[in-house]
Amino acid sequence: MQTLSQLLATCQTRDDGLEAQIDECWMQGRSAYGGVQAALAVTAMQPHSDGFRIRTLQATLCAPIPAGAVQVQSRLLRKGGNTRQVEARILQGEETLALFVGIFGRERESVVARDFCHPELGNRTGVDMPYIEGVLPRFLKQFDSTLLEGHFPGAGKPDTRHIYRLALKDDVTTASLQHVLAFADYPPPIGLSWISTFTRASTMTWMLNFTSHPFDNQNLTNWLVDVQLDAAHDGYTQQTVTLFSPDGYAIARGTQCMVVFG
């Protein structure tokens, strides 16, 4: 199994970005896992960031990305006094399969400070997420996952909130930005729990806003993902995801527009 660190080690720098090799174990149906796509995109962006911390990542996932060689093209869109806006595209020939825009910002002095509230979990033990070969996406084998609130896809239960405890299997022990992106994209659409059988789903757009809490000293176990179903109509769902690091602080909050085929 190719870990995230091993995938990133395949990156070869090009003048306009990078090339990498995505193993089959990172597939999510017909396409590579969105968290891996984002990890490669921000890796390609970083030479343009001038070392500023990422503040926002916006993604439009246009078409399936197959396993194998991928090209990620990046360019600086705007260089401001305190921010850098950078674009990255995952390409197949001339076709754009995924488009990302990242905003990197310098720290600023401010009296405004507020954190997201960590969910109250009490003594919940949860249920471990099973892996069913040939039914569930392969990338799930990269994670140890416990569902603390809600029901699994196919349960036929109209949930509006899911909470997961996650660990990512890797050769390293502390988190990078790429690991954070892998955690943040883990939750499936809550809408899948409403349906009484396994069915497909797909993410169309994804926006992730980062807090300033540091994560590079955090290990890869005991991350928490709190997911809220905001709205759903006509087969499209919108959900909000808040990612908490093992020390209990929110690292990022994201919103996703997804398609549920059922």
>> side chain to side chain contact (heavy atoms under 4.5 Å, CB included) for Tyr186 and Val241? Distances and angles first, verdict last.
In response: CA-CA 10 Å; Tyr186 174 87; Val241 177; over 6 Å; no
> Can you list the steps and then say if Asp115 with Thr211 is a side chain to side chain contact (heavy atoms under 4.5 Å, CB included)?
Replying inline: CA-CA 8 Å; Asp115 290 309; Thr211 69; 5.6 Å; no
> Run the salt bridge (charged side-chain N to carboxylate O under 4.0 Å, His left out) check on Asp16 and Arg14 step by step: do they pass?
Replying inline: CA-CA 5 Å; Asp16 61 349; Arg14 308 191 323 175; 3.2 Å; yes
>> What verdict does the side chain to side chain contact (heavy atoms under 4.5 Å, CB included) test give for Gln178 and Val42, after you've listed the backbone C-alpha separation in whole Å, the side-chain angles of each residue and the deciding distance to 0.1 Å?
In response: CA-CA 8 Å; Gln178 288 83 354; Val42 298; 4.3 Å; yes
> What's the verdict on side chain to side chain contact (heavy atoms under 4.5 Å, CB included) for Ile195 and Val260, showing C-alpha distance, side-chain angles and the deciding distance?
Replying inline: CA-CA 10 Å; Ile195 302 168; Val260 175; 3.5 Å; yes
>> With salt bridge (charged side-chain N to carboxylate O under 4.0 Å, His left out) as the criterion, how do Asp226 and Arg161 come out once you've worked through the C-alpha distance, each side chain's angles and the decisive distance to 0.1 Å?
In response: CA-CA 7 Å; Asp226 188 356; Arg161 187 182 192 186; 2.7 Å; yes
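In plain terms, the two heavy atoms of Ile22 and Ala32 that are nearest each other are CD1-CB, 3.9 Å. Nearest heavy atoms, Ala250 versus Thr242: CB-CG2, 4.2 Å. Considering every non-hydrogen atom in both Ile65 and Ala98, the closest pair reads CD1-CB, 4.1 Å. Shortest non-hydrogen contact noted between Phe143 and Ala182 is CZ-O, 3.6 Å. For the pair Ala88 and Ala41, the tightest heavy-atom approach, listed with the atom from each and the gap, is CB-O, 3.8 Å. Gly34 approaches Trp206 most closely through the heavy-atom pair O-CZ3, 4.0 Å.
Residues Gln218 and Asp247 meet the side-chain proximity criterion, which asks for heavy atoms closer than 4.5 Å. Residues Thr255 and Gln239 form no side-chain contact, since every pair of their non-hydrogen atoms from C-beta on lies 4.5 Å or further apart. Contact annotation: the side chain of Leu18 never approaches that of Gln12 to less than 4.5 Å [non-hydrogen atoms, C-beta and beyond]. In this structure, Asp144 and Leu168 have side chains that are not in contact, with every pair of non-hydrogen atoms separated by 4.5 Å or more. Looking only at side-chain heavy atoms (C-beta outward), Thr174 and Asn217 stay at 4.5 Å or farther from each other. Taking the side chain as every heavy atom from C-beta outward, Thr237 and Asp230 never approach each other to under 4.5 Å. Contact annotation: the side chain of Leu97 never approaches that of Leu91 to less than 4.5 Å [non-hydrogen atoms, C-beta and beyond]. Lys169 places none of its side-chain heavy atoms less than 4.5 Å from the side chain of Thr3.
In the model, Asp171 has no side-chain atom that pairs as donor or acceptor with a side-chain atom of Ser5 under 3.5 Å. No hydrogens or angles considered: nothing links the side chains of Arg84 and Ser49 as a donor-acceptor pair under 3.5 Å. Under the 3.5 Å distance criterion, with hydrogens and angles disregarded, no donor-acceptor pair is assigned to the side chains of Gln256 and Thr205. Judged by distance alone, the side chains of Arg55 and Ser212 do bring a donor and an acceptor atom under 3.5 Å apart. Using a 3.5 Å distance cut-off with no hydrogens or angles, the side chains of Asn219 and Thr173 do not pair a donor with an acceptor.
With Arg138 contributing its side chain and Gly134 its backbone, the two residues share no donor-acceptor pair below 3.5 Å. Without hydrogens or angle criteria, Asp159 side chain to His151 main chain gives a donor-acceptor distance under 3.5 Å. Thr60 places no side-chain N or O within donor-acceptor distance of the main-chain N or O of Cys62, the cut-off being under 3.5 Å. Between the side chain of Thr10 and the main chain of Leu7, a donor-acceptor pair closer than 3.5 Å is present. Looking only at distances, a side-chain donor or acceptor of Ser74 sits under 3.5 Å from a matching main-chain atom of Ala44. When atom types are taken as modelled, the side chain of Thr83 and the backbone of Phe104 share no donor-acceptor pair closer than 3.5 angstrom. Here the side chain of Gln21 pairs no donor or acceptor atom with the backbone of Ala67 at under 3.5 angstrom. Using modelled atom types, no side-chain atom of Gln73 and backbone atom of Ile90 make a donor-acceptor pair closer than 3.5 Å. Looking only at distances, a side-chain donor or acceptor of His179 sits under 3.5 Å from a matching main-chain atom of Ser176. Gln71 places no side-chain N or O within donor-acceptor distance of the main-chain N or O of Gly17, the cut-off being under 3.5 Å.
Connection of Leu147 to Met129 is established within a shared hydrophobic cluster, with ILVMFWY side chains joined at heavy-atom distances below 4.5 Å, either directly or through further cluster members. Under a hydrophobic-cluster definition in which Ile, Leu, Val, Met, Phe, Trp and Tyr are linked whenever side-chain heavy atoms come within less than 4.5 Å, directly or via other members, Val227 and Met258 are assigned to different clusters. Residues Leu140 and Leu166 fall within the same hydrophobic cluster, defined by Ile, Leu, Val, Met, Phe, Trp and Tyr side chains chained together at heavy-atom separations under 4.5 Å. Following chains of ILVMFWY side-chain contacts shorter than 4.5 Å, one cannot reach Tyr33 starting from Val259, and the two form parts of different hydrophobic clusters. No chain of hydrophobic side-chain contacts below 4.5 Å, direct or via other Ile, Leu, Val, Met, Phe, Trp or Tyr residues, connects Val135 to Met27.
In this structure, CD on Gln238 lies 5.0 Å from SG on Cys257, to the nearest 0.5 angstrom. Atom CG of Asn222 and atom OG of Ser245 lie 10.5 Å apart (nearest 0.5 Å). Within the model, atoms CZ of Arg124 and CG of Leu148 stand 7.0 Å from one another, a figure rounded to the nearest 0.5 Å. Note: Phe198 CZ to Phe152 CZ = 9.5 Å, rounded to the nearest 0.5 Å. To the nearest 0.5 Å, atom OG1 of residue Thr240 and atom CE of residue Met207 are 12.0 Å apart. Atom NE2 of His162 sits about 8.5 Å away from atom OG1 of Thr160, to the nearest 0.5 Å.
Residue-environment remark: CZ (Arg53) exceeds the threshold of 12 foreign heavy atoms within 6.0 Å. Summarising the local packing, NZ of Lys141 is surrounded by 12 or fewer heavy atoms from other residues, nucleotides or ligands at distances under 6.0 Å. The number of heavy atoms from other shown groups lying within 6.0 Å of CE (Met1) is above 12. A 6.0 Å sphere centred on OH of Tyr236 holds no more than 12 heavy atoms belonging to other residues, nucleotides or ligands. For Arg30, the CZ atom sits in a loose shell: 12 or fewer heavy atoms of surrounding residues, nucleotides or ligands are nearer than 6.0 Å.
With Phe210 as the fixed residue, the side-chain contact (heavy atoms from CB on, under 4.5 Å) test singles out one of Thr56, Leu57, Ile103, Leu243: Leu57.
Side-chain rings of Trp26 and Phe139 stay apart, their centers remaining 6.0 Å or farther from each other. Aromatic ring centres of Tyr249 and Phe244: separated by at least 6.0 Å.
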